[in-house]
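Notes follow once the structure below has been shown.
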Amino acid sequence: MLVDEFQDTNAIQYAWMRLLAPTDAAPPSAASHPFVVGDDDQSIYRWRGAQVENLQHFRRDYPRAKLFRLEQNYRSTATILEAANGLIAHNASRLGKKLWTSGARGEPIRLYTAFNERDEAEFVTHRIRERVASGGLRREIAILYRSNAQSRVFEEAFLSARVPYRVYGGLRFFERAEIKDALAYLRLISNRNDDASFERVVNLPTRGVGAKSLDVLREYARGAGCSLWEAAAACSGAGGPWARRRAAPSTASWHSSNASPDRPAPWCCTSRWTRC
């Protein structure tokens with residue numbers, strides 16, 4: 001049995017593992033010797049029940065287990081690792097390890113205490129522009145952040161300063177579907193003649209306005225020379241086809257305020273309103 005990210009397991013998961021791999025199994029088998037991988041210095045999910053103490057409990061409950069420390073680092077410079085070792089040494093109840101690398105020592109670490117996230121983004125933008133102006137390449141610059149939501153402030157600062165950038169491992173903030181939806185609502189509030197925004201949000205959340213209904217609105221708008229918003233208001237207003245739809249019986253029937261024997265009704269009412 002292999003359990004990865006063991007530092008993020010909770011009490012129930014640990015108990016479940018002990019049931020699947022009992023320490024008192026007779027005769028002993030491979031199933032009674034689980035293999036766990038974890039780093040007690042990277043436990044960040046206590047807020048959702050993770051117990052880093054499970055690493056200590058594992059050594060107590062499985063006394064025959066062997067501990068292998070993977071201390072060589074291939075990503076960071078020696079300067080960064082020394083800072084990390086000095087910082088994490090303050091944690092209590094650690095199994096303990098000392099990270100090292102055979103790579104370069106690297107540049108000294110610079111610390112900037114920002115007033116808030118916007119100050120942070122402006123500082124980073126300024127440093128990027130300074131480096132590029134001194135001959136640095138943009139492709140050699142990277143910004144690391146923990147969650148996708150943190151990209152927004154940086155992107156706003158880059159757009160304002162006209163600094164080109166790429167987002168790896170996800171979409172740009174303003175290219176995400178939920179952001180485009182919210183912006184479409186705001187544009188529609190500001191300008192109800194914005195047909196593109198109307199089409200994006202008219203059925204978000206779902207209101208039963210499907211492709212057929214949109215076809216009706218587009219045809220009405222073209223014929224009347226108006227926006228889709230005005231077309232929707234006309235169709236759903238008193239005497240409009242959608243108003244008649246709400247009042248219509250479930251069986252298909254014909255309705256029109258101006259129908260006559262010589263002039264058939266222009267709308268039919270079934271499960272959806274369509275031009276007849």
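In what follows, every heavy atom counts, from backbone to side chain, and hydrogens, waters and symmetry copies are set aside.
Taking the side chain as every heavy atom from C-beta outward, Ser43 and Asp8 approach each other to under 4.5 Å. Put simply, the side chain of Ile141 reaches to within 4.5 Å of the side chain of Arg131, judged on heavy atoms. The closest side-chain heavy-atom distance from Gln13 to Asn10 is below 4.5 Å. Residues Met17 and Phe6 meet the side-chain proximity criterion, which asks for heavy atoms closer than 4.5 Å. Two residues are said to be in side-chain contact when any heavy atoms from C-beta on lie closer than 4.5 Å; Asp61 and Tyr14 meet this criterion. Two residues are said to be in side-chain contact when any heavy atoms from C-beta on lie closer than 4.5 Å; Gln72 and Ser102 meet this criterion. Taking 4.5 Å as the limit, some side-chain heavy atom of Tyr62 sits within range of a side-chain heavy atom of Arg18. Residues Leu159 and Tyr165 form a side-chain contact, since some pair of their non-hydrogen atoms from C-beta on lies under 4.5 Å apart.
A continuous path of ILVMFWY side-chain contacts below 4.5 Å connects Met1 to Val36, so both sit in one hydrophobic cluster. When the side chains of ILVMFWY residues are joined at heavy-atom separations under 4.5 Å, either directly or via intervening members, Trp47 and Ile44 end up in a single hydrophobic cluster. Residue Ile109 is not grouped with residue Ile88 when hydrophobic side chains (ILVMFWY) are merged at heavy-atom distances under 4.5 angstrom, including chains of intermediate members. By the rule that hydrophobic residues join a cluster once side-chain heavy atoms approach within less than 4.5 Å of another member, Leu99 and Ile80 end up as members of separate clusters.
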Worksheet item: So Arg129 and Thr125, side-chain contact (heavy atoms from CB on, under 4.5 Å) or not? Walk me through it.
Response: CA-CA 6 Å; Arg129 299 181 73 173; Thr125 303; 4.2 Å; yes

Fill in: Worked verdict on Arg59 versus Leu95 for side-chain contact (heavy atoms from CB on, under 4.5 Å)
CA-CA 10 Å; Arg59 300 191 72 188; Leu95 295 179; 3.8 Å; yes

Fill in: CA sep, side-chain torsions, deciding dist, call: Arg218, Asp215, salt bridge (charged side-chain N to carboxylate O under 4.0 Å, His left out)
CA-CA 5 Å; Arg218 293 189 190 102; Asp215 287 341; 2.9 Å; yes

Fill in: Residues Arg152, Ile179; criterion side-chain contact (heavy atoms from CB on, under 4.5 Å); working and verdict
CA-CA 11 Å; Arg152 178 183 61 85; Ile179 304 303; over 6 Å; no

Worksheet entry | side-chain contact (heavy atoms from CB on, under 4.5 Å) between Phe198 and Leu217, worked out | CA-CA 11 Å; Phe198 179 90; Leu217 289 179; 3.9 Å; yes

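When each of Asn73, Thr79, Leu81 is paired with Thr77, the side chain to side chain contact (heavy atoms under 4.5 Å, CB included) condition holds for Thr79 and for no other.
Here the CD atom belonging to Gln150 is positioned 12.0 Å from the CD atom belonging to Glu155, to the nearest 0.5 angstrom. Rounding to the nearest 0.5 angstrom, the gap separating the CG atom in Asn193 from the CZ atom in Arg187 is 14.5 Å. Distance check: Gln42 CD to Gln7 CD gives 6.5 Å after rounding to the nearest 0.5 Å. With values rounded to the nearest 0.5 angstrom, Leu144 atom CG is found 13.0 Å from Tyr168 atom OH. In this structure, the separation between CZ on Arg139 and CG on Leu137 is 4.5 Å, given to the nearest 0.5 Å.
Taking the six-membered ring where the residue is Trp, Phe123 and Tyr112 present parallel rings, their angle staying beneath 30° rather than reaching 60°.
Here side-chain hydrogen bond (donor to acceptor under 3.5 Å, both in side chains) pairs that include residues 87-97, with residues two or more places apart or in two chains, are Asp39-Lys97, Asp41-Arg94, Asp41-Lys97.
In this structure, Glu230 contributes its side chain and Ser227 its backbone to a donor-acceptor pair below 3.5 Å. Without hydrogens or angle criteria, Arg69 side chain to Lys98 main chain gives no donor-acceptor distance under 3.5 Å. Although no hydrogens or angles enter the test, the distance criterion places no donor-acceptor pair under 3.5 Å between the side chain of Trp229 and the main chain of Cys226. Listed for the Asn54 side chain is no donor-acceptor partner under 3.5 Å among the backbone atoms of His57.
Checked by atom type, the side-chain pair His126/Glu130 shows a donor-acceptor distance below 3.5 Å.
The two residues Tyr220 and Ala234 come nearest to each other via the heavy atoms OH-CB, 3.2 Å.
Checked for salt-bridge contact, Arg105 and Glu82 meet the test: a charged N lies under 4.0 Å from a carboxylate O.
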